[in-house]
Every structure is written in structure tokens, then in C-alpha cells.
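Since we're looking at a predicted model, the values are computed, not measured.
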Amino acid sequence: MNQPASLLDYRRKSDHLLIGLMSGTSLDGIDAALVAIRTNASGEIEQAVLREFTYLPYSDEVRDYVLNLCSVESARIDQLTTAHYGLSEWYACVVEQLIQKAAIHASDVDAICMHGQTVWHIAGRTPFPGPTGPTEVRASLQIGDLSLLAERTGIPVVGNFRARDLAADGEGAPLVPYADYILFRDPQKGRLLQNIGGIANVTILPAGADIEKVVAFDTGPGNMIIDQIVHLVTDGRMRYDEGGKWAATGQVCKEMLDRLLQDPYYQLQPPKSTGREVYGKAFAQELMAQAKQQGISDADLIATVTALTASTIAQAYIQHVLPHTKVEEVIVSGGGAHNQTLLRMLQEQLPAGMKVMTTQQFGMPDDAKEAVAFAILGHETLMGRPSNVPSVTGAKRAVPLGNICF
């Protein structure tokens with residue numbers, strides 16, 4: 001089958017310029033990264049460098065609109081359809097802002113690599129009536145139309161990254177570990193790349209390991225419960241606990257924390273993934289009701305759910321990582337990297353010799369890593385190269401990810 005000339009031209013080049021877009025489960029806004037990628041004669045990535053970064057926060061109106069789509073109680077098919085196209089107007093806006101900030105032209109950019117906005121992710125399989133009887137499918141939905149974004153910007157778009165891994169019987173998540181391996185592997189040090197977005201996920205990079213040895217999984221809630229509790233107790237005046245300052249004034253309720261840690265998800269062996277459908281608004285509202293019944297203050301509740309995130313991350317390491325991998329560094333990215341109380345709680349629960357750091361200490365803004373990661377994944381798609389990691393997602397084989405819209 002003949003390929004478009006532009007795709008063939010892309011594969012002949014050694015220097016590429018891409019834009020990665022990430023809007024995560026925190027529903028706070030869109031991260032946009034301009035990434036320069038250099039490949040060798042075999043088409044393998046030699047270098048990936050962040051050239052520029054910007055962030056476009058969602059308005060309260062669009063955030064609430066999308067948040068309603070993430071709940072079976074409030075989601076409507078007409079609004080879902082509208083948001084699928086409407087969010088691409090936001091993606092086009094942040095692309096324009098990034099191009100202006102970088103002082104380049106749209107024609108300089110080879111492609112936009114768009115994760116889209118996750119509204120529902122099904123861990124494992126779910127029943128569905130198949131053509132020959134009952135069957136089970138894997139499914140995850142990220143909205144944001146590729147064609148609209150390509151039309152608005154005049155730039156080819158790569159998106160819908162999770163679907164092909166799902167088709168190969170993987171979890172469809174996490175996908176960032178491939179980029180973690182490209183960017184942060186070290187021949188001497190064992191590293192954990194811990195992203196703390198709405199959901200927290202970790203990539204295990206043993207010292208000197210090949211890609212086949214990389215393991216990753218969702219450890220559980222990241223900022224999602226903290227943010228939702230803050231939003232509820234302030235009647236929407238605040239979206240998050242800036243720097244963890246509110247949590248720092250409270251006391252952790254050990255009884256509530258111990259009960260929350262009994263969640264069976266934390267005991268599951270990787271590969272595994274989770275999302276807002278488990279730890280979203282309904283979960284936070286139930287915690288609020290319990291806190292009021294038990295006389296737990298707002299500050300203590302926020303301290304407790306912050307401790308939940310730290311504890312589930314630390315326990316994931318102790319149960320699933322450290323028995324077989326030596327680790328010297330934990331490198332944190334995402335919004336949680338700004339929460340000093342969360343980072344302190346995490347460090348206190350780790351064994352001696354493990355140092356908690358952030359990607360900022362490696363020259364990459366803490367909020368930029370996942371946008372950079374999707375630029376890398378999109379590049380590999382354009383090159384026709386696999387970029388899922390079967391040891392991470394459980395897929396039957398390595399496959400190229402995403403759809404391309406010229």
C-alpha cells in the first residue's frame with residue numbers, strides 16, 4: 001500500500017519538530033510541549049529535547065462540562081458529542097499560543113501529537129453482546145477530534161493512542177513508560193518515574209535495563225481526590241491545595257486512612273490501571289459525608305487524602321517494586337510535584353537510600369513530561385514503530401499507536 005508522500009518524507013529526515021498535547025484526569029487544562037527529536041540512520045531516537053512549553057487552563061465552565069461527562073449519573077450523549085469537537089478548539093488555541101511563544105511558524109511543525117481528554121477508562125474487560133454471542137471487550141475513551149484540530153492548525157495530527165494497545169489486549173495504560181525509558185534510563189541507577197496527575201502512575205527503570213524489562217502501572221489516586229475534596233469544601237472557590245499548605249495544617253485521621261488502604265486495587269499485581277470512574281466525584285462525596293459524621297475537620301480530611309496518595313505510592317513500591325529492583329531515585333512529575341506536603345509524606349515512607357526528586361531537577365518542568373511523552377509516541381507512530389510496552393500494559397505484542405490525520 002502506498003503511503004502519503006509527507007509520511008515518507010518524515011521518515012527520511014533525521015531532525016523532527018513536534019508538539020505534544022496532554023490534558024489529564026485532573027481536568028485542569030492543557031499542557032503543550034514543543035519537542036525536537038533527532039533520529040539515527042536506523043530511525044531510532046538519539047535525542048529528544050524540550051524547546052518550549054506552555055499551559056492553557058480550562059475555564060470553570062468547560063471543566064464542569066467535561067467533569068459531568070466523566071460520571072454515569074450525569075453524562076449525556078449530546079454533550080459528549082459536542083465536547084468531542086469543542087475541546088479541539090481548545091487544543092487549537094494552545095497550539096497557536098505555543099507557536100507564538102516559540103517564535104516559529106506552523107509550517108515548521110511536523111505534527112501535533114494529541115492525547116485527548118479521557119472521560120472513561122475501563123480497567124480489564126467488560127461484557128458486550130458479540131456477533132456470535134456474549135463477549136468481553138477492552139475500552140477507553142479520549143475525546144477531541146483529530147480532523148478539526150488538523151483543519152484549524154494546518155498541521156498533521158496523531159491521536160487516539162490507547163486504542164491499538166487495547167486492540168492488542170492491553171490495558172491501554174500507562175503509555176508514558178516508553179518515553180520515560182527514552183528520556184530517563186540510566187546505566188548505573190535504578191529509577192522510578194512517578195507521575196502524580198489526577199491518577200498516579202509509576203514507571204520502573206532498572207539500571208541498564210532494556211525496554212523489555214520496563215514495568216509500569218497506576219498506583220492509585222494522585223491529585224484527584226485531594227482536588228475534589230478542596231473543591232467541595234470551598235464550594236468551588238478553590239480547585240487544589242496549593243503547595244500542600246492546607247494539608248500541612250491538618251492531622252491525618254489514621255482510622256480513615258487505614259480503611260481506605262483496604263481497597264483491593266492496591267493489592268492487585270501489575271499490569272493494572274484505574275481512573276476517575278473509580279476515584280472521582282462520587283468517591284470524594286462519600287468521604288466528605290463520612291468526615292462530617294465522624295467530626296473530621298476540613299484540614300484533617302485534606303491531610304488524610306494527601307496521605308492516601310503518598311501511602312499508596314509508597315506501598316506500591318514496597319510490594320511490587322523493591323523486592324526485585326534496586327532503586328536509588330524517585331523522580332516525580334505532574335501537578336503533585338508541586339505539593340510539598342505530599343512529597344514529604346512520600347519521602348518519609350520510603351526506605352533509606354531512596355531519594356525523592358522532581359523532573360525540574362533534570363531540566364524539564366514538572367508539568368511538561370507527559371506532553372513531551374506524547375510527542376515522542378506520536379513521532380514513533382509517524383515512523384511506523386511500536387511504542388507501547390507489553391510488559392507494562394499486558395498487550396500480546398508491541399504495536400504502533402495512534403491514528404494519523406493529514
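- In plain terms, the two heavy atoms of Ala375 and Val35 that are nearest each other are CB-CG2, 3.7 Å.
- Here the side chain of Glu52 pairs no donor or acceptor atom with the backbone of Leu34 at under 3.5 angstrom.
- Contact record, Tyr65 with Thr82: OH-CB, 3.6 Å, taken as the closest heavy-atom pair.
- Just one residue in the list Phe161, Tyr178, Tyr91 forms a ring pair (Phe, Tyr, Trp, His ring centres under 6.0 Å) with Phe374, and that residue is Phe161.
- Asp64 contributes atom CG, which lies 6.5 Å from atom CG of Asp60 (distance to the nearest 0.5 angstrom).
- Of the inter-residue distances, the one linking Asn339 atom CG with Asn223 atom CG reads 7.0 Å to the nearest 0.5 angstrom.
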Verify side chain to side chain donor-acceptor pair (under 3.5 Å) between Gln97 and Thr54, making sure each step is shown before the conclusion.
CA-CA 8 Å; Gln97 290 181 3; Thr54 195; 4.6 Å; no

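- Residues Gln79 and Asn68 bring no donor and acceptor atom of their side chains to less than 3.5 Å of each other.
- Residues Val399 and Asn388 share a closest heavy-atom pair of N-OD1, 2.7 Å.
- Within 6.0 Å of the NZ atom in Lys213, the count of heavy atoms belonging to other residues, nucleotides or ligands does not exceed 12.
- The minimum heavy-atom distance linking Leu27 with Cys70 is given by the pair CD1-SG, 4.4 Å.
- For Glu151, the CD atom sits in a loose shell: 12 or fewer heavy atoms of surrounding residues, nucleotides or ligands are nearer than 6.0 Å.
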